[in-house]
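Residue numbers run from 1 in the order of the sequence given. Please read all numbers here as calculations on a predicted model, not as lab measurements. Computed from heavy atoms alone, side chains included, the values below leave out hydrogens, waters and symmetry copies.
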Amino acid sequence: MTLAQKRSASPRLSNGFISSLQKQFPDLIPPTIAIAIFLIIWQLFAWTPGATLPGPIQVIQDTWVLIFWPFYDRGGIDKGLFWQILASLQRVAISYTLAAIVGIGLGILIGVNKTMSKALDPIFQLLRTVPPLAWVPISLAALRQNEPAALFVIFITAIWPILINTAVGVTQIPQDYNNVAKVLQLSRKEYFTNILIPAALPYIFTGLRIAIGLAWLAIIAAEIVMSGIVGIGFFIWDAYQNNNVSEVILALVYIGVVGLVLDKMMGWLQNKILPAEQK
């Protein structure tokens, strides 16, 4: 490539970046204004006499070390927010993956077997209404260790939307599809891969997207009441115990951002995998 070609390529890249920003700019204005108004109102309330919660200015002043040095590691549980969030995300990844495998498998089973559905549905409906915090003492009593107990709490919280949505997706397969499978005399494997999974995929992704948010909520709840583990949930509880309210607020902001990113990632994956007619 000649020097002239390099010079011509660079403006094209910059122009493309600028044009993409210009296209997204109208969508960025409303949330930016809303966030600015929220921060102003929050700060005004913090300045009122008798206010107990710090405002955004005070939060930044109190937590600037955590904000600008998220990678520090002094050993034990004294770690930066990057390592706290990473530890929580690792637990979520392990349990969420297991919940997806078991939930999809059981969902397909009860979706194709009416007898199994009638037998297990009351149990599933009973267990899915139990809050994540209620599972913590049970998991600790059964597993005796914080780490596997936290993993179980995430798993038992995330599995239900995956299982139920998969089962609904299987039962909603159009009868025409089943008739075609009978006419073509498809084997069980061919029916499973060519008809059942593609038809139920939108429902499965709906369950997976709901479950990722619940899994993130569950790990925070589990870590808050489990002592001595690295994680953003225990970080919040430890900061509260030491009356560091600004650190609690900062951690809540990080939790919200991570939850939003997880949801957007799952939505992006859904758009990439699902056919256009099923979106």
Side-chain angles (χ1 to χ4, degrees), residues 76-77 79 81-111 116-117 119-168 203-241 248 251-252 254-256 258-263 265-266 269:
I77 61 173
K79 300 179 185 292
L81 285 177
F82 173 83
W83 304 111
Q84 303 285 353
I85 293 174
L86 181 62
S88 296
L89 285 174
Q90 288 174 340
R91 297 185 183 102
V92 168
I94 294 170
S95 296
Y96 178 76
T97 302
L98 185 60
I101 295 171
V102 176
I104 293 173
L106 281 176
I108 293 173
L109 177 63
I110 66 177
M116 190 71 71
S117 176
L120 297 178
D121 184 68
I123 299 175
F124 292 158
Q125 296 300 330
L126 176 68
L127 294 179
R128 77 181 183 87
T129 59
V130 178
L133 278 175
W135 288 108
V136 174
I138 298 296
S139 60
L140 285 173
L143 301 173
R144 301 290 181 178
Q145 293 181 355
N146 287 342
E147 191 69 25
L151 295 177
F152 174 79
V153 170
I154 308 168
F155 169 82
I156 202 66
T157 304
I159 190 174
W160 306 120
I162 301 173
L163 190 155
I164 293 171
N165 278 277
T166 301
V168 171
Y203 293 88
I204 293 174
F205 265 106
T206 299
L208 290 172
R209 193 165 182 179
I210 296 172
I212 192 65
L214 292 177
W216 184 237
L217 293 176
I219 187 57
I220 303 305
E223 289 177 349
I224 282 178
V225 295
M226 292 178 178
S227 60
I229 60 176
V230 178
I232 193 65
F234 181 71
F235 174 87
I236 289 175
W237 181 246
D238 185 59
Y240 171 74
Q241 293 286 80
V248 174
L252 292 179
Y254 276 76
I255 289 171
V258 172
L260 177 63
V261 171
L262 291 175
D263 180 73
M265 287 175 59
M266 188 57 63
L269 185 63

Under the rule for side chain to side chain contact (heavy atoms under 4.5 Å, CB included), what residues qualify as partners of Leu133, not counting sequence neighbours? Val136, Ala221, Val225

Test of ring centre spacing under 6.0 Å for Trp237 and Phe234: no

Output for pair (Ile220 CD1, Ile154 CD1), nearest 0.5 Å, gives 9.0 Å

Those residues at least two apart in sequence (or on a different chain) that pass side-chain hydrogen bond (donor to acceptor under 3.5 Å, both in side chains) with Ser88 are Glu223

Any non-hydrogen side-chain atom of Gln125 less than 4.5 Å from a side-chain atom of Pro122? no

Hey, can you tell me if Phe124 and Trp160 have their rings parallel, tilted or perpendicular (30° and 60° cut-offs)? tilted

Does atom CH2 of Trp83 have more than 12 heavy-atom neighbours, drawn from other residues, nucleotides or ligands, at distances under 6.0 Å? no

Do Tyr203 side-chain atoms and Ile162 backbone N/O form a donor-acceptor pair below 3.5 Å? no

Hey, could you give me the CD/CG distance between Gln90 and Leu151, rounded to the nearest 0.5 Å? 10.5 Å

For Pro161, does its backbone N or O pair with a side-chain atom of Asn165 as donor and acceptor, under 3.5 Å? yes

Which residues share a side-chain hydrogen bond (donor to acceptor under 3.5 Å, both in side chains) with Asp238, sequence neighbours left out: Asn242

Nearest heavy-atom approach of Phe155 to Ser95 is N-CB, 3.7 Å

Flag side-chain contact, heavy atom, 4.5 Å: Asp121 against Ile110: no

Among Leu106, Ile204, Leu109, side-chain contact (heavy atoms from CB on, under 4.5 Å) partner for Thr166: Ile204

May I have the step-by-step check of side chain to side chain contact (heavy atoms under 4.5 Å, CB included) for Leu269 and Phe205, ending in yes or no? CA-CA 9 Å; Leu269 185 63; Phe205 265 106; 4.3 Å; yes

Interatomic distance, Leu127 atom CG to Ile159 atom CD1 [nearest 0.5 angstrom]: 10.0 Å

Can you tell me how far apart CZ (Arg128) and CG (Leu163) are? Round to the nearest 0.5 Å. 10.5 Å

Heavy-atom closest contact (Gly231 atom, Arg91 atom, distance): CA-NH1, 4.0 Å

Are Leu262 and Val258 close enough that some pair of their side-chain heavy atoms sits under 4.5 Å apart? yes

Any chance you could measure Tyr96, atom OH, to Leu214, atom CG, to the nearest 0.5 Å? 10.0 Å

Calculate, to the nearest 0.5 Å, the distance between atoms CD1 and CD1 belonging to Ile255 and Ile85 respectively. 7.5 Å

